[in-house]
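Read the structure below first, then the notes.
One-based numbering along the sequence shown.
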Amino acid sequence: MSHPTDPYVLPADLPVPVDDGTADHLLGARVPPIALQSTGGGWVRLDQQPMRWVVVYCYPLTGRPGEELPGGTAAWNAIPGARGCTPQSCGYRDHYQELLSAGAAVFGLSTQTTSYQQEMADRLHLPFAVLSDAGLEFASALGLPTFEAAGQVLLKRLTLVLSGERIVRC
């Protein structure tokens, strides 16, 4: 039996996220020429990727073992779409080779610092880079949907598929 806060097991009573339309404007949008710090070292510009496709999964925050989630577990679980960042990252990790074979680069994106993300990337053995938008420059330029929890501005969970300099799926 798993621990009640096991990041790989989602509680059955989580609120279901509802599409509130805050990402509707993203389809067809031009990817801004903004460099984001990467857990792979250095900086990455999503508008200058050589792969045919670029999959960017945006997530609020990956918790750290032994540390409380923003506002506490109950408050975090009450936010639709907040819980599940670790299984989401593991899902992309587990299907990374398939995505790569299909011609897609993969990146995670959150508002945490690169040092915060590096712990998670190492712990989960992610074969792709996670990008930091700690200053919300990329999120602001695109108008990415966000929410606030315990004083932190976090990205709502969504996936962007890029081709060249455009968002072709959201």
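Looking at E68 and T73, their side chains do bring a donor and an acceptor atom within 3.5 Å of each other. With no hydrogens or angles considered, a side-chain donor-acceptor pair links Y57 and S89 at under 3.5 Å.
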Applying side chain to side chain contact (heavy atoms under 4.5 Å, CB included), run through V54 and V31 and close with a yes or a no. CA-CA 11 Å; V54 178; V31 179; over 6 Å; no
If you apply the rule side-chain hydrogen bond (donor to acceptor under 3.5 Å, both in side chains), what do you find for T111 with Q152, and how did you get there? CA-CA 9 Å; T111 60; Q152 298 179 53; 5.9 Å; no
Given the rule in the side chain to side chain contact (heavy atoms under 4.5 Å, CB included) test, do F138 and L46 qualify, once you have shown the distances and angles that lead to the verdict? CA-CA 10 Å; F138 188 80; L46 291 170; 3.7 Å; yes
Output, in order, the C-alpha distance, side-chain angles, deciding distance and verdict of side chain to side chain contact (heavy atoms under 4.5 Å, CB included) for V130 and Y59. CA-CA 11 Å; V130 179; Y59 65 93; 3.3 Å; yes
What verdict does the side chain to side chain contact (heavy atoms under 4.5 Å, CB included) test give for H95 and V106, after you've listed the backbone C-alpha separation in whole Å, the side-chain angles of each residue and the deciding distance to 0.1 Å? CA-CA 10 Å; H95 294 281; V106 176; over 6 Å; no
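Rounding to the nearest 0.5 Å gives a distance of 9.5 Å between CZ of R169 and CH2 of W53. The CD atom of Q37 lies 8.5 Å from the OG atom of S115; values are rounded to the nearest 0.5 Å. With rounding to the nearest 0.5 angstrom, the SG atom of C85 is 8.5 Å from the CD atom of Q112. The CD1 atom of I167 sits 5.0 Å away from atom CG of L26, with the distance rounded to the nearest 0.5 Å. Summarising the geometry, atom CZ belonging to R64 is positioned 11.5 Å from atom OG1 belonging to T86; distances are rounded to the nearest 0.5 Å. One distance of note links CD of E119 with CD of E67; it measures 8.0 Å at 0.5 Å rounding.
Residues L162 and L144 are members of one and the same hydrophobic cluster, defined by side-chain heavy-atom contacts under 4.5 angstrom among Ile, Leu, Val, Met, Phe, Trp and Tyr. Side-chain heavy atoms closer than 4.5 Å link hydrophobic residues (I, L, V, M, F, W, Y) into clusters, and following such links, possibly through other members, connects L126 to M51. Cluster annotation: L109 is not connected to L61 through the hydrophobic network of ILVMFWY side chains, with a link wherever side-chain heavy atoms come within less than 4.5 Å. Residue Y116 is not grouped with residue L36 when hydrophobic side chains (ILVMFWY) are merged at heavy-atom distances under 4.5 angstrom, including chains of intermediate members.
Using a distance-only test at 3.5 Å, with no hydrogens or angles considered, no donor-acceptor pair links the side chain of T114 to the main chain of T39. No donor-acceptor pair under 3.5 Å is formed between the side chain of R45 and the backbone N or O of A35. Judged by distance alone, with hydrogens and angles left aside, the side-chain atoms of R157 form no donor-acceptor pair with the main-chain N or O of P60 at under 3.5 Å. No donor-acceptor distance shorter than 3.5 angstrom exists from the side chain of R83 to the backbone of L14, with no hydrogens or angles considered. At distances below 3.5 Å, not a single donor-acceptor pair connects side-chain atoms of H125 with backbone N or O atoms of C90. Between the side chain of Q117 and the main chain of L131, a donor-acceptor pair closer than 3.5 Å is present.
The 12-atom threshold is exceeded at CD of Q48, counting heavy atoms of other residues, nucleotides or ligands nearer than 6.0 Å.
Ring geometry for Y96 against F128 counts as tilted: the plane angle lies between 30° and 60°, on a 0 to 90° scale.
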